[in-house]
Amino acid sequence: MCSWVFGFAAYPEECLGRIMLQYFRGTAMRPLKVLHTADWHLGLVSWKSHREIDRLEEQRECLEKLIQVAKDERVDLVLHAGDLFHQYYHPPREAIQLAAEVVVELAEVAPFVWLIGNHDWYAVEALRRMFPKSITVIRDMEPRSFPELGVTIFPIPYLPLSRFLADHPGETVQAMVRDRLRRTMEEWKHSFNPRHFHVLLGHLTVEELAFYAEANASREVFLKKADFPHGFSYGALGHLHGYTVLETPFPLCYPSSLVPENFKNPDQKGGFVLVELVFGERPRIHPVFFESSALLSIDLERPLGVLEVRRLIEERLRNGRRNYVRLRIPGEMLSPEWFTELVRLRGERFEVVVVEAVWDEEDHQESEQAPFDIAALPELFARFAEEEGLSEDVVRLFEVYYHRAFEEDRE
Ligand SMILES: [Mn+2]
């Protein structure tokens, strides 16, 4: 270092610039390889109302692959963008055990950062002190700097709107929280380090994508693409399942969950992403998909024997080792006997998990009406009570129960 400084004056200016650039590139500002994952939902049991399937073994297979890739690729950092568990209170013991094993093993490969999502088990707070130092659990919005990696993480954990309802009337709370988040992100710029990558880590909904998820604007904050300020290197998101990248103003990425779980989006594949951050360049995002399971939705237009249905399913099987099948059948065609036969159907690589009756156009339109606004319930009840001549006490009692139920639901 000394000789370099003393030799300073000997270099012409242009040459010096090149040397300094090399110095930054070669040492402090080296590229960073990040493994970004989210929405593991360990302990998930799918299709409870039809045929219950515990997904833990599939999830274990997915995580084995994820760990292998983390090791093979020698990643510098592992980011978990929330929902490691599926149940936010008493997840199954096997899920806790798997979570602990996997997190500790990954933390041996690289620092592991876990942002708390809406499904996450809050008792993990107590475990935090028992985790190795290379595990960081985040449930606040304080930036975390990793000087040895040259990266600063800017976290937005899941923000339920109910937390702000005490101070703000229901209809303004969404705009208010959104505004507060925008200001926080602007303030974060003071923590920007010109020699660091700035990674946003969030468990949240980007409004432009909300249509195909079960995100709910009356419960949680929605951010628009335009709400994110410039200056971040990469946005590591979680909460919406299914691999998605939004390109502006910097890449915002949802890496998908571990296993596909929802027939509303049968093309969803489980996976995670590897992200290469290089100074002065757009991040390179490489999705990695799991083959442990796939969803298959089949419409039956006429009554078929069970053997024929089996053949039809087997013709359409996907690559996944386990194919979970939904059969959709016109309601007037579906007899109870046929239903019972179909719902038991399984083969070596498939299992029927949902048999759904589909009703004709008219009924269908009715079910696709605008969703009922639950916030309007107390007012509706008050009107009903007035017409029926019920006392005001009844109306007030209804309101009390309504708000209590609402709160419990949000908790
Ligand atoms: Mn979530």
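Quick caveat: nothing in here was measured; it's all calculated off a predicted structure. We count ligands from 1, going down the list as the structure has it; atoms in each ligand are counted the same way.
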Hey, are the side chains of [X] and [Y] touching, using non-hydrogen atoms and a 4.5 Å cut-off?
{"X": "T152", "Y": "W188", "result": "no"}
{"X": "V353", "Y": "S46", "result": "no"}
{"X": "R55", "Y": "E261", "result": "yes"}
{"X": "R284", "Y": "V278", "result": "yes"}

Charged N-O contact under 4.0 Å between D227 and K224: no
A correct count of protein N/O/S atoms found below 2.8 Å of the Mn ion (ligand 1) gives 4
Check the pair R322, E61 against salt bridge (charged side-chain N to carboxylate O under 4.0 Å, His left out), reporting the backbone distance first and the verdict last. CA-CA 12 Å; R322 301 174 188 80; E61 284 170 22; 3.0 Å; yes
